[in-house]
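Worksheet: the structure to be examined is printed underneath.
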Amino acid sequence: MSFLWPQFLWLLAALPLLVLLYVWLMRRKKKLALRYASLSIVREAMGAGQTVRRHIPPLLFLLAMAAMLIAAARPMAVVVLPSNQQTIILAMDVSGSMRATDVQPNRLVAAQDAAKGFIKDLPRTVKVGIVAFAGSAQVAQLPTTNRDDLVTAIDAFQLQRATATGNAIVVSLATLFPNEGIDIANFDPQSRQRGVPIELAGKAPPKDFVPVAPGSYTSAAVIMLTDGQRTTGVDPLEAAKVAADRGVRVYTVGIGTVDGETIGFEGWSMRVRLDEETLKAIANKTQGEYFYAGTAADLKKVYDTLSSRLTVEKKETEISALFALGAALLAFLSAGLSLFWFNRIL
């Protein structure tokens with residue numbers, strides 16, 4: 001815990017003085033009582049329970065004062081709060097290897113079911129977009145809060161050849177930032193050497209982009225699920241750098257066989273292997289996290305974990321109100337007990 005105004009904590013030093021004052025008043029009161037009654041009468045009037053009870057209201061009031069002084073110092077603490085996450089992009093692999101049955105009933109169906117469960121559990125205010133990728137990447141559904149449209153887009157996946165994980169990240173970022181000129185063509189070395197299009201000739205170039213800290217953009221995140229290695233398209237680490245420069249976290253989910261497996265697709269045989277090293281590097285570069293799902297149950301758990309992490313966040317927040325509320329409750333309790341037991345307030 002930290003404090004915005006720590007100088008007010010020095011006021012806590014006055015509390016021991018109040019304790020000493022209370023002890024002095026109790027002794028003075030006892031001496032006055034002994035002047036008008038014998039010691040035996042005082043002992044009969046004040047049993048052991050009564051003696052302990054008389055100190056409880058002052059103790060509660062002392063704790064209330066301590067809480068108020070701490071509140072005045074404006075304490076800060078890391079607490080779990082609802083996230084301000086507004087948009088989540090699900091980038092899902094639809095390459096031919098997703099028909100493998102090592103994850104029952106197959107990788108694609110397991111991924112579809114888990115994604116639909118994930119969407120169902122999200123708050124209704126969170127927008128979700130769908131990007132499907134194989135040899136290329138396309139937006140299957142623009143970010144929306146309409147859950148039925150999202151389910152329809154997921155159910156319409158068609159398997160294709162190749163795997164372009166880098167393209168998936170770039171298209172996801174282009175969906176999140178449609179006005180920033182993020183395009184697959186910008187990652188093609190040949191396109192960088194071409195002339196300026198006629199419609200852009202004579203126009204002022206766009207303002208230079210200023211990178212931000214990785215993971216600092218809390219309004220959106222990308223979740224990318226894949227079961228293979230990149231075989232074409234943009235370098236995924238180069239795409240991850242673009243995401244990191246914009247503060248967008250990319251959470252990667254690996255599904256399938258780590259050691260490799262031969263998969264048949266449309267008369268072709270292919271050897272696929274999950275590239276965990278690259279997926280971990282993407283997550284690390286963007287301040288996201290990597291998850292491995294070897295079964296359909298594991299995949300569901302991964303999405304459940306992501307749902308909880310993306311809908312709440314740990315944030316350093318001022319908690320003065322909590323201490324002020326505690327002080328008020330202690331003060332009311334102190335006054336109530338004193339009134340109930342002794343017919344007076346302290």
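In this chain, numbering begins with 1 at the start of the sequence shown.
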Open item on the list: Can you tell me how far apart CD1 (Ile89) and CD1 (Ile169) are? Round to the nearest 0.5 Å.
Closed with: 13.0 Å

Open item on the list: Hydrophobic clusters here meaning ILVMFWY residues chained together by side-chain heavy-atom distances under 4.5 Å, can you tell me if Leu62 and Leu329 are in one?
Closed with: no

Open item on the list: So which atom in Ala164 and which in Gly233 form the shortest heavy-atom distance, rounded to 0.1 Å?
Closed with: CB-CA, 4.4 Å

- [ ] Give, for atom CE of Met224 and atom CG of Leu279, the distance between the pair rounded to the nearest 0.5 Å.
- [x] 5.5 Å

Open item on the list: Do Thr144 and Asp149 pair up side chain to side chain, a donor and an acceptor below 3.5 Å, judged on atom types alone?
Closed with: no

Open item on the list: Looking at Ile154, is its backbone amide N or carbonyl O close enough to the side chain of Gln112 to form a donor-acceptor pair, meaning the two atoms are under 3.5 Å apart?
Closed with: yes

Task: Same apolar cluster: Val212 and Val242, side chain cutoff 4.5 Å - done: no

Task: side chain to side chain contact (heavy atoms under 4.5 Å, CB included) assessment of Asn167 paired with Phe133 - done: CA-CA 8 Å; Asn167 291 36; Phe133 69 95; 5.8 Å; no

Open item on the list: Centroid separation under 6.0 Å, is that true for the rings of Tyr251 and Tyr303?
Closed with: no

Open item on the list: What's the separation between atom CG in Leu237 and atom OG1 in Thr286, rounded to the nearest 0.5 Å?
Closed with: 10.5 Å

Task: Atom NZ of Lys300 with >12 non-hydrogen neighbours under 6.0 angstrom - done: no

TODO: Any chance you could measure Ile282, atom CD1, to Thr226, atom OG1, to the nearest 0.5 Å?
DONE: 9.0 Å

- [ ] Determine whether Phe61 and Ser338 make a side-chain contact, defined as any pair of heavy atoms from C-beta on separated by less than 4.5 Å.
- [x] no

Open item on the list: Out of the candidates Ile223, Val222, Leu306, only one should pair with Ile88 under the side-chain contact (heavy atoms from CB on, under 4.5 Å) rule; please name it.
Closed with: Ile223

Open item on the list: Hydrophobic clusters here meaning ILVMFWY residues chained together by side-chain heavy-atom distances under 4.5 Å, can you tell me if Val109 and Val94 are in one?
Closed with: no

Task: Min side-chain heavy-atom separation Asp304-Asp121 under 4.5 Å - done: yes

Task: side chain to side chain contact (heavy atoms under 4.5 Å, CB included) evaluation trace for Leu299 with Val253 - done: CA-CA 8 Å; Leu299 186 58; Val253 181; 3.8 Å; yes

Open item on the list: Are Lys116 and Arg147 packed together at the side-chain level, in the sense that at least one heavy-atom pair is separated by less than 4.5 angstrom?
Closed with: no

Open item on the list: Taking CD in Gln7 as the centre, count heavy atoms belonging to other residues, nucleotides or ligands within less than 6.0 Å. Is the count above 12?
Closed with: yes

Task: Residues Thr152 and Asp155: side-chain donor-acceptor under 3.5 angstrom - done: no

Task: Working for side chain to side chain contact (heavy atoms under 4.5 Å, CB included), residues Phe3 and Leu9 - done: CA-CA 9 Å; Phe3 297 89; Leu9 294 176; 3.8 Å; yes

Task: Separation between NZ of Lys241 and NZ of Lys285, rounded to the nearest 0.5 Å - done: 7.5 Å

Open item on the list: With no hydrogens and no angle check, just 3.5 Å: does a side-chain donor-acceptor pair link Tyr292 and Glu276?
Closed with: no

Task: Derivation and outcome, side chain to side chain contact (heavy atoms under 4.5 Å, CB included), residues Met1 and Ile319 - done: CA-CA 10 Å; Met1 184 184 298; Ile319 56 173; 4.0 Å; yes

Open item on the list: Does any part of the side chain of Pro58, heavy atoms only, come nearer than 4.5 Å to the side chain of Ser334, both counted from C-beta?
Closed with: no

Open item on the list: Applying a strict under-4.5 Å side-chain criterion to I, L, V, M, F, W and Y, I'd like to know whether Met76 and Leu12 cluster together.
Closed with: yes

Task: Side-chain H-bond candidate by donor/acceptor type, Ser136 with Gln138, under 3.5 Å - done: yes

Task: Closest non-hydrogen atom pair, Tyr290 against Gly254 - done: CE1-N, 3.7 Å

TODO: Measure across Ala239 and Val234 and return the closest heavy-atom pair with its distance rounded to 0.1 Å.
DONE: CB-CG1, 4.3 Å

TODO: Side-chain contact test, heavy atoms from C-beta onward, threshold under 4.5 Å: evaluate it for Val171 versus Thr175 and give yes or no.
DONE: yes

- [ ] State, with a plain yes or no, whether a side-chain heavy atom of Thr87 is found less than 4.5 Å away from one of Leu176.
- [x] yes

Open item on the list: Restricting to non-hydrogen atoms, name the atom on Leu150 and the atom on Val128 that form the minimum distance, rounded to 0.1 Å.
Closed with: CD2-O, 3.1 Å

Task: Exercise: identify the closest heavy-atom pair between Leu90 and Ala115 - done: CD1-CB, 4.2 Å

Open item on the list: Less than 4.5 Å apart, side chain to side chain, heavy atoms only: is that true for Leu108 and Arg99?
Closed with: no

Task: Ser95 side chain to Asp93 side chain, donor-acceptor N/O pair below 3.5 angstrom - done: yes

- [ ] Please answer: with hydrophobic residues joined when any side-chain heavy atoms are less than 4.5 Å apart, are Val151 and Leu122 in the same cluster?
- [x] no

Open item on the list: I need the Met68 CE to Leu330 CG distance, nearest 0.5 Å.
Closed with: 9.0 Å

Open item on the list: Using modelled atom types and a 3.5 Å cut-off, is there a donor and acceptor pairing between side-chain atoms of Ser216 and backbone atoms of Ala213?
Closed with: yes

- [ ] Could you tell me which non-hydrogen atom of Pro236 sits nearest to which non-hydrogen atom of Arg230, and how far apart they are?
- [x] CD-CD, 3.6 Å

Task: Flag side-chain contact, heavy atom, 4.5 Å: Leu225 against Met98 - done: yes

- [ ] Check each of Trp5, Phe323, Phe8 against Arg74 using the side-chain contact (heavy atoms from CB on, under 4.5 Å) test, and report the only one that passes.
- [x] Trp5

Task: Note: Glu180-Arg246 ion pair, threshold 4.0 Å (strictly below) - done: yes

Open item on the list: Whether the side chain of Thr101 engages the backbone of Gln104 through a donor-acceptor N/O pair (distance < 3.5 Å, no angle test) should be reported.
Closed with: no

